[in-house]
There are 2 protein chains.
Amino acid sequence: MKEGPDIARIAALIGEPARANMLTALMSGKALTATELAGEAGVTLQTASGHLARLRDGDLVQVRKQGRHKYFALAHADVATTLEALMGLAAGQGALRTRIGPKDAAMRQARVCYNHLAGQMGVQMFGSLLQRGLIWQEGEALGLTEAGKGFVCDFGVDLDGLSMARAPLCRSCLDWSERRTHLAGSLGRAMLARMETLDWVRRDRDSRALLFTSRGSEAFSRAFT
Amino acid sequence: MKEGPDIARIAALIGEPARANMLTALMSGKALTATELAGEAGVTLQTASGHLARLRDGDLVQVRKQGRHKYFALAHADVATTLEALMGLAAGQGALRTRIGPKDAAMRQARVCYNHLAGQMGVQMFGSLLQRGLIWQEGEALGLTEAGKGFVCDFGVDLDGLSMARAPLCRSCLDWSERRTHLAGSLGRAMLARMETLDWVRRDRDSRALLFTSRGSEAFSRAFT
DNA sequence: TTCATAGTTCGACCTTAGCCGAAGCATTGG
DNA sequence: CCAATGCTTCGGCTAAGGTCGAACTATGAA
């Protein structure tokens with residue numbers, strides 16, 4: 001009768017409104033301070049402090065101390081993946097709760113998901129790369145083809161630098177709004193970073209939405225049709 | 001502050017040990033009764049009933065009522081995906097325990113279920129009829145096709161007599177050892193009765209097991225391959 | 001030094017919800 | 001009809017944990 005993996009412990013950790021809000025806020029990939037997270041969660045700092053300690057205990061977030069600030073971020077990409085999966089379930093059944101405002105539409109079109117591009121644009125980019133044979137996919141596994149490496153370098157990404165990193169280069173991530181896979185992993189992050197450098201896209205200050213510039217929008221559709 | 005889907009509600013649903021155990025048990029893909037799930041979760045039936053109602057409310061499981069049993073299964077493949085993601089996070093990724101139905105081999109092969117044929121043979125017959133287009137199935141609904149009517153009459157069943165009865169002609173019944181559907185309803189009962197008349201099969205005196213004669217076994221596999 | 005800001009810990013409330021006993025339906029079998 | 005079985009509902013008990021005020025530590029700035 002004893003369990004396998006202790007799924008309840010993790011789910012209970014996520015299943016508390018204040019903590020869920022914090023984790024959702026961290027999905028942007030940005031590191032946030034305890035005070036900021038307290039604001040996101042709508043609780044006082046003491047309460048937030050307790051929650052964050054628990055999240056850290058459960059290995060859902062990691063901390064970096066810097067001066068008198070503590071910056072919190074999601075511990076691992078797996079955490080982001082799991083949260084996306086949960087959002088998929090919640091979105092499938094609960095349109096009743098979320099009113100679709102203008103920001104919501106922007107979120108569906110393009111948003112940041114643990115520092116990589118998600119939403120319609122993310123799915124489009126992934127599909128384009130796949131169709132042109134620049135990446136390959138076999139079940140869960142995912143990778144760059146030779147042609148793909150050339151493409152990515154031409155795009156301006158330092159592929160050699162990425163290869164040194166410990167994290168997997170390519171990962172697939174299931175989109176909660178589109179219900180299709182998009183590109184995650186260190187390559188996914190690098191691609192988004194490059195697009196920001198090129199000023200194709202800018203981050204919204206208050207949400208995870210990504211706003212494409214008119215120039216960037218045009219260039220994007222030319223690059224990933 | 002409130003953006004995105006209500007992830008906390010779902011996660012809290014999963015994040016309760018008893019419910020998590022139930023969901024884990026359902027990961028096998030098989031449908032389980034409330035009593036079985038209560039055992040899996042280590043709680044009494046009353047408690048389990050409450051939990052299952054909540055899971056059903058949250059669209060994590062779907063239920064199928066059959067006689068005095070209620071069979072529960074995961075609602076969608078998405079639910080299983082999310083649970084797997086959570087298990088991945090829980091790191092201690094362990095074995096799923098599977099509790100199998102009846103231990104008696106004969107019972108598993110063929111037995112009586114409300115006067116119709118159940119067990120491996122029942123599932124086989126159902127599959128054969130379906131594949132050959134003799135019956136049709138749409139969700140819960142089930143019926144005989146024109147070709148099926150001919151087949152049944154040839155088999156020696158008085159279809160006209162059955163149609164007079166109040167009870168539905170065809171019903172699907174979820175097998176408690178195979179956990180797949182087989183043929184129930186007045187037709188299911190008539191089919192079994194006919195097989196007994198033909199001396200294909202005899203009832204065991206002390207149990208619900210059905211013993212196929214050697215001749216009957218041969219004829220059965222010829223008729224329902 | 002003194003003050004201000006960031007975060008933690010403690011203690012005390014108090015709501016939530018998980019749990020079971022007992023009784024109530026519903027279905028099946030005799 | 002009655003008995004047995006599967007499940008649900010109700011009521012009360014209890015424990016867990018979320019919440020905040022207040023006091024405390026730590027870092028940085030004037």
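Atoms considered below: every heavy atom in the structure, side chains included; atoms not considered: hydrogens, waters and symmetry mates. Numbered from 1 within each chain, the chains take letters A, B, ... in sequence-line order.
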*Indicate yes or no: at least one non-hydrogen side-chain atom of A:D59 is less than 4.5 angstrom from one of A:I10.*
no
Could you check how far [atom1] of [X] sits from [atom2] of [N], rounded to whole Å?
X: A:L52; N: D:dT19; atom1: CG; atom2: P; result: 12 Å
X: A:F72; N: C:dG7; atom1: CZ; atom2: C1'; result: 9 Å
X: B:L55; N: C:dA17; atom1: CG; atom2: P; result: 14 Å
X: A:M22; N: C:dG7; atom1: CE; atom2: P; result: 11 Å
X: A:R64; N: C:dA6; atom1: CZ; atom2: C1'; result: 16 Å
X: B:E36; N: D:dT5; atom1: CD; atom2: C1'; result: 14 Å
X: B:L37; N: D:dC7; atom1: CG; atom2: P; result: 9 Å
X: B:L45; N: C:dG24; atom1: CG; atom2: C1'; result: 14 Å

*Should the pair A:H69 and A:Y71 be assigned to parallel (<30°), tilted (30 to 60°) or perpendicular (>60°) ring geometry?*
tilted
_Short N-O contact, B:E146 and B:K149, less than 4.0 angstrom_ = yes
Please tell me which of the listed nucleotides, [options], lies nearest to the side chain of [X]?
X: B:A18; options: C:dG7, C:dC19, D:dT8; result: C:dC19
X: B:E16; options: D:dC7, D:dG17, C:dG18; result: C:dG18
X: A:S49; options: C:dA17, D:dC7, C:dT8; result: C:dT8
X: B:R54; options: C:dC20, C:dG18, C:dA6; result: C:dG18
X: B:T44; options: D:dT19, D:dG17, C:dG21; result: C:dG21

*How do A:A12 and A:Q46 order along DNA chain D: which one's closest nucleotide is nearer the 5' end?*
A:A12
Answer yes or no: does a side-chain N or O of [X] lie under 4.0 Å from OP1 or OP2 of [N]?
X: B:K70; N: C:dA26; answer: no
X: A:T47; N: D:dC20; answer: yes
X: B:H69; N: D:dT5; answer: no

*Would you check if the side chain of B:S217 reaches a backbone N or O of B:T213 as a donor-acceptor pair within less than 3.5 Å?*
no
*asked:* My understanding is that only one of B:V63, B:V61, B:L74 makes a side chain to side chain contact (heavy atoms under 4.5 Å, CB included) with B:L55; could you say which?
replied: B:V61
